Amino acid sequence: MKIGILAPASIGNPAAEAPVSAFAAIAYPDVDLIFHPQCYEQDGHFAGSDERRASAFLEFANDPGIDAIWFLRGGYGSNRILSRVMPNLNAAAGHKTYIGYSDLGFVLAALYARRIGRPVHGPMASDIRRQHGDATVARSLGWLVSGDRQGLEPGLDGRPAAAFNLSILHALIGTPWLPDLTDHVLMIEEVSEHLYAVDRMLFTMANATQLKGVAGVRLGAVSNVQANEPEWGETLEYMIQRWCTEMGVPYLGRARIGHTQDNHLVPFGIA
């Protein structure tokens, strides 16, 4: 199996290639990880210019010899290439699985909205650098290689689902890149934000007309929360339940997704 690795957003992480390749060689000997040279290019904040990142994406996605796309890392910038990439994907792109999270939610959303391939919110190649990162990346590789369901988010219940970093979902609302999530369980997670900012984004989620048909909301990890002065005064559980009430949907509890070692896979749609 050939898995193409791309960095459609921020500068790649060269330190991840050796350990993730070594791990895959031992645990998944039939896998060939192919790192696109674009992963290690730099144009300011980004892993190459918008045009370069878009062309690399199309090169691998449209190549029938590559079976899946596994994103290297997030950061910021994949939204800037959507208009270049999405209209130019071919039939081969429609047969691939795409795995990532964080900023790559832009890509997963756009693919799902157009029913292109199989978008999956899950660990990326650079997560090998986390403590016990081999177990983290094994969830994605196991799903890609053999459809191993052990790495799936354990609360998936047969209903269609989708998962997003809350900041990315917030940015997608009101755009044509957000898919129709009617009857989906929506899972959200966040990292490195103040709780007032989380609350503000939950307000948008709760009042977005594009999300009125969701079946319910689950909350993943909200990690590396920034200190609030004065103290915020509400728990995350209280916040999410308050906004779900305003949204008119049930709060369905916690989810094992997020910017943590415990990040589990959520295939968009029915797993």
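In this chain, residues are counted from 1 in sequence order. Quick caveat, the model's predicted, so the values are computed rather than measured.
Across every non-hydrogen atom of G142 and Y28, the tightest pair is N-OH, 3.6 Å. In terms of heavy-atom proximity, Q38 sits nearest to L6 at OE1-CD2, 4.0 Å. Of all the heavy atoms in A16 and L72, the pair that sits closest is CB-CD1, 4.3 Å. Across I173 and M205, no two heavy atoms sit closer than the pair CD1-CA, 4.1 Å. In plain terms, the two heavy atoms of A9 and G74 that are nearest each other are CB-O, 3.5 Å. Residue R256 comes nearest to P154 through the heavy atom pair CD-CG, 3.7 Å, listed as atom of the first residue, atom of the second, then distance.
Follow the hydrophobic side-chain contacts under 4.5 Å out from Y98 and you never reach L152; the two are in separate clusters.
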What verdict does the side-chain contact (heavy atoms from CB on, under 4.5 Å) test give for E237 and Y251, after you've listed the backbone C-alpha separation in whole Å, the side-chain angles of each residue and the deciding distance to 0.1 Å?
CA-CA 9 Å; E237 290 285 329; Y251 170 55; 3.1 Å; yes

Kindly determine whether V31 and W70 satisfy side-chain contact (heavy atoms from CB on, under 4.5 Å), including the steps that lead there.
CA-CA 12 Å; V31 167; W70 194 21; over 6 Å; no

Applying side-chain contact (heavy atoms from CB on, under 4.5 Å), run through L211 and L178 and close with a yes or a no.
CA-CA 9 Å; L211 296 177; L178 182 67; 4.1 Å; yes

Run V120 and L108 through side-chain contact (heavy atoms from CB on, under 4.5 Å) and show every step you take.
CA-CA 7 Å; V120 180; L108 302 180; 5.9 Å; no

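Classified by interplanar angle (parallel below 30°, tilted 30° to 60°, perpendicular above 60°), the ring pair F46/Y76 is tilted. In this structure, F164 and F268 have perpendicular ring planes: the angle between them is above 60°, well past the 30° mark. Ring orientation note: the planes of Y101 and H121 are tilted relative to one another, at an angle of 30° to 60°.
Residues that satisfy the side chain to side chain donor-acceptor pair (under 3.5 Å) test with D30, not counting sequence neighbours, are absent from this structure.
Note that CZ of R73 and CG of L104 are 10.5 Å apart. Values are rounded to the nearest 0.5 Å. In this structure, CD1 on I116 lies 5.0 Å from CG on L89, to the nearest 0.5 angstrom. Going from atom CD1 of I128 over to atom CG of L141 covers 8.5 Å, rounded to the nearest 0.5 Å. For the atom pair I26 CD1 and S21 OG, the distance stands at 11.0 Å (nearest 0.5 Å). With values rounded to the nearest 0.5 angstrom, F57 atom CZ is found 14.0 Å from R84 atom CZ. How far CD1 of I168 is from CH2 of W177: 15.0 Å, rounded to the nearest 0.5 Å.
Within the 3.5 Å criterion, the main-chain N or O of V137 finds no donor-acceptor partner in the side chain of S140. Side-chain atoms of R139 do not come within 3.5 Å of backbone N or O of L265 as any donor-acceptor pair. Looking at N90, its side chain does come within 3.5 Å of a backbone N or O of A93 through a donor-acceptor pair.
Taking 4.0 Å as the cut-off between side-chain N and carboxylate O, D32 and K2 do not count as a salt-bridged pair. Using a 4.0 Å cut-off between charged nitrogen and carboxylate oxygen, R53 and D43 do not count as a salt-bridge pair.
A side-chain contact (heavy atoms from CB on, under 4.5 Å) with M187 holds for exactly one of V217, L156, L169; it is L156.
In this structure, M201 and S167 have side chains that are in contact, with non-hydrogen atoms separated by less than 4.5 Å. The side-chain heavy atoms of E190 and I188, taken from C-beta on, include no pair separated by under 4.5 Å. When side chains are defined from C-beta on, V249 does not count as touching K212, because their heavy atoms never get closer than 4.5 Å. Side-chain contact between Q261 and D127 is absent, with no heavy-atom pair separated by less than 4.5 Å.
Judged purely by distance below 3.5 Å, without hydrogens or angles, the side chains of H170 and T204 pair a donor atom with an acceptor atom. Judged purely by distance below 3.5 Å, without hydrogens or angles, the side chains of T182 and D180 pair a donor atom with an acceptor atom. N224 and S192 are linked by a side-chain donor-acceptor pair at a separation below 3.5 angstrom, with hydrogens and angles left out of the test.
Enclosure of atom CD in E59 by more than 12 non-hydrogen atoms of other residues, nucleotides or ligands within 6.0 angstrom is indicated.
Judged by the 6.0 Å and 45° rule, R114 forms no cation-pi pair with Y112.
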